[in-house]
Protein chains: 2
Amino acid sequence: MTPRTWTDRQCPVARTLDLVGDRWVLLIIRDAFDGLTRFSEFQRSLGIAKNILADRLRLLVENGILRRVDTGADSRAHYRLTPRGEDLFTVIVGLRQWGERNAFEADEEHSVLILEQTGEPLPNIDPVRADGGRIVARDTHVQKV
Amino acid sequence: MTPRTWTDRQCPVARTLDLVGDRWVLLIIRDAFDGLTRFSEFQRSLGIAKNILADRLRLLVENGILRRVDTGADSRAHYRLTPRGEDLFTVIVGLRQWGERNAFEADEEHSVLILEQTGEPLPNIDPVRADGGRIVARDTHVQKV
DNA sequence: CCGTATCCATTCCGATACTG
DNA sequence: CAGTATCGGAATGGATACGG
């Protein structure tokens with residue numbers, strides 16, 4: 001199961017992995033960014049067992065990453081990203097762009113993200129480190145939020 | 001074990017998760033960015049079993065994310081990030097910053113990344129989506145690399 | 001110190017059957 | 001359709017012992 005308590009409570013990376021550090025979870029979130037909302041849509045897209053999917057959706061709702069939207073008479077609910085869930089966009093795009101750069105052969109096709117307005121591919125995310133800025137070890141710099 | 005073949009060969013996110021979609025792997029990479037290189041350093045930092053750590057290091061070397069640097073007479077090797085591994089910086093920082101924003105209470109302390117040159121905290125990564133740009137579903141836009 | 005080999009407990013997952 | 005309940009097999013991870 002996804003949730004597990006890590007010894008490393010101080011580290012934001014470990015905390016994040018506590019909540020979304022699971023393949024199924026991250027793929028569900030990917031699909032949610034692609035506009036999927038139905039239980040059956042996720043199931044078809046992922047080929048995941050129903051009980052596992054139900055478990056992951058429940059956890060994601062519990063953790064405030066998805067919200068469950070019930071649609072009146074219909075028993076079929078929608079699962080939509082909360083603001084906290086949408087905030088994972090950077091992570092998903094980071095995973096995607098790394099894969100585009102490093103997990104495909106030169107002649108292999110793959111999908112790319114297109115911006116609706118311009119029709120252009122989404123440019124690569126690039127943190128400060130590109131210009132040689134090195135990062136000081138995390139343990140040495142603990143601050144208040 | 002980390003490696004598993006996914007049905008979704010086309011999706012860069014799934015491909016990336018094939019290679020690094022494992023808690024231990026991502027925490028090892030985090031530690032590598034923090035400058036750890038020794039087997040024992042990783043083990044102490046993570047509290048991971050030796051056989052598991054050995055397995056993950058082997059996989060990471062196999063996948064070209066770490067490289068093993070043997071130091072002459074000494075049996076103790078260093079594990080260092082390859083360029084492909086360093087390219088995961090965006091992902092690690094994305095996970096970290098999401099955690100900073102979403103996985104801590106307001107009064108909880110946590111570590112932050114500091115840029116060596118300026119002494120300033122690393123600014124938040126922010127992809128284009130901030131200004132309302134929506135993303136078109138991945139399946140509809142398959143292109144050559 | 002850096003692993004490898006083995007063993008055991010636990011967890012995880014998928015298939016199936018069942019319910020509203 | 002959207003789940004819940006159960007079950008067996010597979011995989012995983014931790015501990016231990018051992019070797020280079």
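Numbers restart at 1 for each chain; the letters A, B, ... are given by sequence-line order, proteins then strands. Note that these values count all heavy atoms, side chains included, but never hydrogens, waters or copies made by symmetry.
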Nearest atoms (heavy-atom pairs only) where A:Gln97 meets A:Ile125
OE1-N, 2.8 Å
Report the residues that fulfil side chain to side chain contact (heavy atoms under 4.5 Å, CB included) with B:Glu120, sequence neighbours left out, ordered by chain and then residue number.
B:Thr118
Write down the distance between CG (A:Asp70) and P (D:dC1), rounded to a whole number of angstrom.
17 Å
Is the base of D:dG3 touched by the side chain of A:Asn51 through a donor-acceptor pair closer than 3.5 angstrom?
no
Atom CG of A:Asp55 and atom C1' of C:dG14 are separated, to the nearest Å, by 13 Å
What is the separation between atom CG on B:Leu66 and atom C1' on C:dC2, rounded to the nearest whole Å?
16 Å
Please tell me which of the listed nucleotides, D:dA2, D:dG13, C:dG14, lies nearest to the side chain of A:Trp24?
C:dG14
Nearest-neighbour nucleotide for the B:Ile48 side chain, D:dG14, C:dG14, D:dT4 considered:
D:dG14
Among D:dC18, D:dA2, C:dG14, which is the nearest nucleotide to the side chain of B:Lys50?
D:dC18
Picking from D:dC1, C:dC2, D:dG14, the nucleotide nearest the side-chain atoms of B:Ile52 would be D:dG14
Minimum-distance nucleotide to A:Arg56 side chain [options: C:dC13, D:dG14, D:dA17]:
C:dC13
Take the protein atom CG of A:Leu36 and the nucleotide atom P of D:dA2, then report the distance between them rounded to whole Å.
12 Å
If we ignore hydrogens and angles and just use 3.5 Å, is the side chain of B:Trp98 paired with the main-chain N or O of A:Arg84 as donor and acceptor?
yes
Contact class for A:Phe42 vs. all strands (heavy atom < 4.0 Å): base, sugar-phosphate, or nothing?
nothing
A correct dot-bracket answer for DNA chain C, with pairs being Watson-Crick or G-U at under 3.5 Å, [ ] for crossing pairs and | for inter-strand pairs, is |.||||||||||||||||||
Check the distance between C:dC2's P and B:Leu46's CG and give it to me in whole angstrom.
14 Å
Protein-nucleotide distance (A:Phe39, atom CZ; D:dA2, atom C1'), rounded to Å:
6 Å
Under a 4.0 Å threshold between the charged nitrogen and the carboxylate oxygen, would B:Glu108 count as salt-bridged to A:Arg15?
yes
In whole angstrom, what separates A:Glu41's CD from D:dG3's C1'?
16 Å
Counting N and O atoms only, with roles assigned by atom type, does the side chain of A:Thr82 sit under 3.5 Å from a partner on the main chain of A:Arg67, one being a donor and the other an acceptor?
no
Which of these nucleotides, D:dC1, C:dC13, C:dT4, is closest to any side-chain atom of A:Arg76?
D:dC1
Selected nucleotide, minimal atom distance to B:Ala54 side chain, candidates D:dT4, C:dG3, C:dC1
C:dG3
Name all residues meeting the side chain to side chain contact (heavy atoms under 4.5 Å, CB included) criterion together with B:Ala54; count only those two or more places apart in sequence or in a different chain, and write none if there are none.
B:Phe39
In this structure, how many angstroms lie between the P atom of D:dA2 and the CZ atom of A:Arg58, rounded?
18 Å
Work out which heavy atom in B:Thr37 is nearest to a heavy atom in B:His78; give both atom names and the distance.
OG1-ND1, 2.7 Å
So does B:Arg68 get a side-chain nitrogen or oxygen closer than 4.0 Å to the phosphate oxygens (OP1/OP2) of C:dG3?
yes
Is there a donor-acceptor pair under 3.5 Å between the side chain of B:Thr16 and the backbone N or O of B:Pro12?
yes
Report the nucleotide, chosen from D:dA15, C:dG14, D:dA2, that has the shortest atom-to-atom distance to any side-chain atom of B:Ala49.
D:dA15
According to a strict under-4.0 Å criterion, is B:Arg44 in side-chain N/O contact with OP1 or OP2 of C:dC2?
no
